[in-house]
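In what follows, a single structure is set out as structure tokens and then discussed.
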Amino acid sequence: MARRSWLQVYLALVLLRSWLALTGTAYIHPDEWFQSGEVIAGDLFGIQTTRTWEFTVSKPCRSMASLRLSTLPLALLSYLLAQWRQAVKAEHLFLVQRSTGFLLSLILDLSCALLAPRSKRALTLLLLASSSSVLTFHVRPFSNSIESCMLALALVVIQRLCELTSVLRPKKTVEKKSPTRSDSIAWILNSLAFGAILSIGLFSRFTFAIFAASSGLVFLALAWSRAEGHVGKWVSTISVAIVSFLATSAAHITFDSTYYSSDAGVQEAAVGAKWYDKLHVTPWNAFSYNLGSENLAQHGIHPRWLHALVNYPMIVGLAPFATLVLAQVKSWRSKKPSLSKLGDVGGSGKVMSSVYKGTIVMSLLGLSISPHQEPRFLLPLVLPSILLICHTSERGLVSPPLRNAFITCHLLQSLLQTLFFGYLHQGGLVPAMLWTSEHRGSSGVDMHKFIFWRTFKPPAHLIPTLSTAGDRVGVPNHIIDLGSSTAEKVESYLEGLGGRVGEDVYLFAPRWAMLSRGEERKREEEEAAEGDERVAVFGKSRLRLIYSTRIPNLDMDHIPEMMGAVRKVGFGRGLDLGVYKVGYQET
């Protein structure tokens, strides 16, 4: 492909990524909000939010220092709104977080361009830019996205250190040259960066230690080569990275300990604790928590082969996965150099190929030990997997016809997963919250109550406290998450509210759930007598539909119910999510 042609395709894919970041309505997993923007928005904007267990237990598992670094644009927004005396809007919070995710994802592109062999740079960038994981997961505020970016930067630094190590210069060199002053300065600066990157990655997620293990081992080997086998010199060589790692970690621990020492929830949970228990090392806390099988059982237990056989092909792509497997098998049979020995930049390329392969293998083995396995946990493996594929292409281990078939498969999978994870999965909840945030009533209202039924856990900061410019108190919100409760429980809860004066009550629910019938009472959505409005009747409660999403709200936990509704009333009423204003019938 000509340079101009592939560059145009690549830029189009980057523009598509930005569009998906700003318009993608899908809600992939509650952690995308509750481990990032939900807690930060509460701190910065003074609005009511929900703090999940990671931030309230006696030994918090999430680093606030790491969160503050990755959400700096939200801090800037808070400062600007305070200066302009403007109230924060849900749309502001949504767009800033998604824009931040998009900008951070470009770290992968830059790293890919620096790491890929020149002859395969176009192929590698196109595979990365067309990956559904980059188009969807990476533009969302997952901590896994930060972990992935840190791994990409660590790989860039390792490649630079390879190039600076005299032992790895082409073998045609007659004498091994002593490192120049500029090389020594470059080594020190890159070592400083490597130590800081390891620390930031570790405090973003403790599993970063597994992903970075291969890079860390290669760093130690490079330092040994640079020290020419002298232990003292080797210690001196690696000390720069160690000091950088410890200093960055100390900054994280200090910030986290100060923050959590002033948190009422954490202090209440830590009553009677020793002074050293108030020193919060969040990666260690998270690691300790995950060692408990009873803790993991609360989040879901999966077979230990799920990462290798299902999650990895889903996140990286089935075609790239098959390419790597077939290339390795073919290299074994033909006794050609294995993937770990391929490269196009002399020794540096060989080492980096080994790093990629080691990262993939060690990560899959390490993460598969835990019985709790979610696809997003493997997000950092996208870049090293694609970089390793470019080496298989370099030596022709995959035939052109098979390669074309794999490319077609890759694009098809990327299209389907991008639609699903970009727009469809729980795709109605966020648009419904953003709409309600702008259209709820305020006159004569003392309290807004938002009830969520059969949806994902609602992030409260996307429907912030209604306030006027410069006023951070405003009309309070009360969010009630009824989860997958029965219709009887919803009816009982609504009747318990009793239509109190000054309270506006809204119910967010999939419209298929409002179509369900009961033998004793009518709960079918029906035409109201006074016009085209649609209402749902729950005992004495009369729910008026005020908004219906135009984007399907696919719920993979209730597929039979959704399909039954679609057969009855079609895709619109069957798959949409509705916002209902709750009223009460006169008795």
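Along the sequence shown, residues are numbered consecutively beginning with 1.
Side-chain atoms of Ser385 and Ile360, non-hydrogen and from C-beta on, do get closer than 4.5 Å to each other. Using a 4.5 Å cut-off on side-chain heavy atoms (C-beta onward), Ile315 and Asn144 make no contact. Between Gln426 and Asn553, some side-chain heavy-atom pair lies under the 4.5 Å cut-off. Side-chain contact between His252 and Leu69 is present, with at least one heavy-atom pair separated by less than 4.5 Å. Counting only heavy atoms from C-beta outward, the side chains of Ile463 and Ile479 approach each other to under 4.5 Å. Side-chain contact check for Leu115 versus Tyr356: some heavy-atom pair is nearer than 4.5 Å. Under the 4.5 Å side-chain criterion, counting only non-hydrogen atoms from C-beta, Arg51 is in contact with Asp43. The closest side-chain heavy-atom distance from Asn311 to Phe377 is not below 4.5 Å.
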Please tabulate, one pair per line, all N/O donor-acceptor pairs under 3.5 Å involving side-chain atoms of residues 361-371, not counting sequence neighbours.
{"from": "Ser363", "atom 1": "OG", "to": "Thr359", "atom 2": "O", "distance (Å)": "2.6"}
{"from": "Ser368", "atom 1": "OG", "to": "Leu364", "atom 2": "O", "distance (Å)": "2.5"}
{"from": "Ser370", "atom 1": "OG", "to": "His372", "atom 2": "N", "distance (Å)": "3.3"}

Pairs of donor and acceptor atoms involving the side chains of residues 206-221, under 3.5 Å and at least two apart or interchain, shall be tabulated with distances.
{"from": "Thr207", "atom 1": "OG1", "to": "Glu147", "atom 2": "OE2", "distance (Å)": "2.7"}
{"from": "Ser214", "atom 1": "OG", "to": "Val355", "atom 2": "O", "distance (Å)": "3.3"}

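Between His461 atom NE2 and Phe34 atom CZ the span is 8.5 Å, to the nearest 0.5 Å. Taking CD of Gln35 as the start and CZ of Phe142 as the end, the distance is 9.0 Å to the nearest 0.5 Å. For the atom pair NE2 (His410) and CG (Leu318), the distance works out to 11.0 Å, reported to the nearest 0.5 Å. Considering CE of Met433 and CZ of Phe452, their distance stands at 4.0 Å, rounded to 0.5 Å. Separation of atoms CG (Leu110) and CG (Leu114) is listed at 4.5 Å; rounding is to 0.5 Å. With rounding to the nearest 0.5 angstrom, the OG1 atom of Thr282 is 10.0 Å from the CZ atom of Phe55.
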Query raised in the report: Does the side-chain contact (heavy atoms from CB on, under 4.5 Å) test come out yes or no for Leu151 and Leu383, once each step is laid out?
Result: CA-CA 9 Å; Leu151 179 63; Leu383 180 61; over 6 Å; no
Query raised in the report: Where do Tyr289 and Trp53 land on the ring-ring contact (aromatic ring centres under 6.0 Å, His included) test, with the steps shown first?
Result: CA-CA 12 Å; Tyr289 177 88; Trp53 66 269; 4.4 Å; yes
Report task. Would you check, one step at a time, whether the test side-chain contact (heavy atoms from CB on, under 4.5 Å) holds for Leu135 with Val139? Result -> CA-CA 7 Å; Leu135 292 170; Val139 297; over 6 Å; no
Report task. Please lay out, stage by stage, how Ile47 and Leu93 fare under the test side-chain contact (heavy atoms from CB on, under 4.5 Å). Result -> CA-CA 12 Å; Ile47 57 180; Leu93 298 173; 4.1 Å; yes
Query raised in the report: Does the pair Val316 and Leu378 meet the rule for a side-chain contact (heavy atoms from CB on, under 4.5 Å), with working shown?
Result: CA-CA 8 Å; Val316 175; Leu378 301 183; over 6 Å; no
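Here the closest non-hydrogen pair linking Asn190 and Arg160 is OD1-CG, 3.4 Å. Nearest heavy atoms, Ser484 versus His558: OG-CE1, 3.6 Å. Between Ile200 and Met150, the shortest heavy-atom distance links the atoms CG2-SD, 3.6 Å. Contact record, Arg140 with Ala26: NH2-O, 3.1 Å, taken as the closest heavy-atom pair. Between Leu309 and Pro313, the shortest heavy-atom contact is O-CG, 3.6 Å. Of all heavy-atom pairs spanning Pro60 and His280, the tightest one is CD-ND1, 3.4 Å.
Judged purely by atom type and a 3.5 angstrom limit, Ser78 has no side-chain atom pairing as donor or acceptor with the backbone of Leu74. A donor-acceptor pair is defined here as one N or O able to donate and one able to accept, closer than 3.5 Å; no such pair exists between the side chain of Trp512 and the backbone of Gly564. Distance alone, capped at 3.5 Å, places no donor-acceptor pair between the Ser66 side chain and the Ser63 backbone. Between the side chain of Ser199 and the main chain of Ser249, a donor-acceptor pair closer than 3.5 Å is present. Checking side-chain atoms of Ser288 against main-chain N and O of Trp284 turns up a donor-acceptor pair under 3.5 Å. Looking at Thr418, its side chain never comes within 3.5 Å of a backbone N or O of Ser132 through a donor-acceptor pair. The backbone N or O of Val39 sits nowhere less than 3.5 Å from a side-chain atom of Thr49 that would complete a donor-acceptor pair. Looking at Thr124, its side chain never comes within 3.5 Å of a backbone N or O of Leu387 through a donor-acceptor pair. Distance alone, capped at 3.5 Å, is enough to place a donor-acceptor pair between the Ser36 side chain and the Glu32 backbone. Looking at Ser414, its side chain does come within 3.5 Å of a backbone N or O of Ser130 through a donor-acceptor pair.
Ring planes of Phe321 and Tyr312: perpendicular class, angle over 60° (limits at 30 and 60°). Ring orientation note: the planes of Trp224 and Trp234 are nearly perpendicular, at an angle over 60° on the 30°/60° scale.
Counting only residues at least two apart or in different chains, salt bridge (Lys or Arg N to Asp or Glu O under 4.0 Å) contacts with residues 365-376 comprise Asp31-Arg376, Glu374-Arg376.
By the salt bridge (Lys or Arg N to Asp or Glu O under 4.0 Å) test, Lys457 pairs with no residue at all, sequence neighbours left out. With sequence neighbours excluded, the residues satisfying ring pair (Phe, Tyr, Trp, His ring centres under 6.0 Å) with His425 are Phe420, Phe456. Glu38 pairs by the salt bridge (Lys or Arg N to Asp or Glu O under 4.0 Å) definition with nothing, not counting sequence neighbours.
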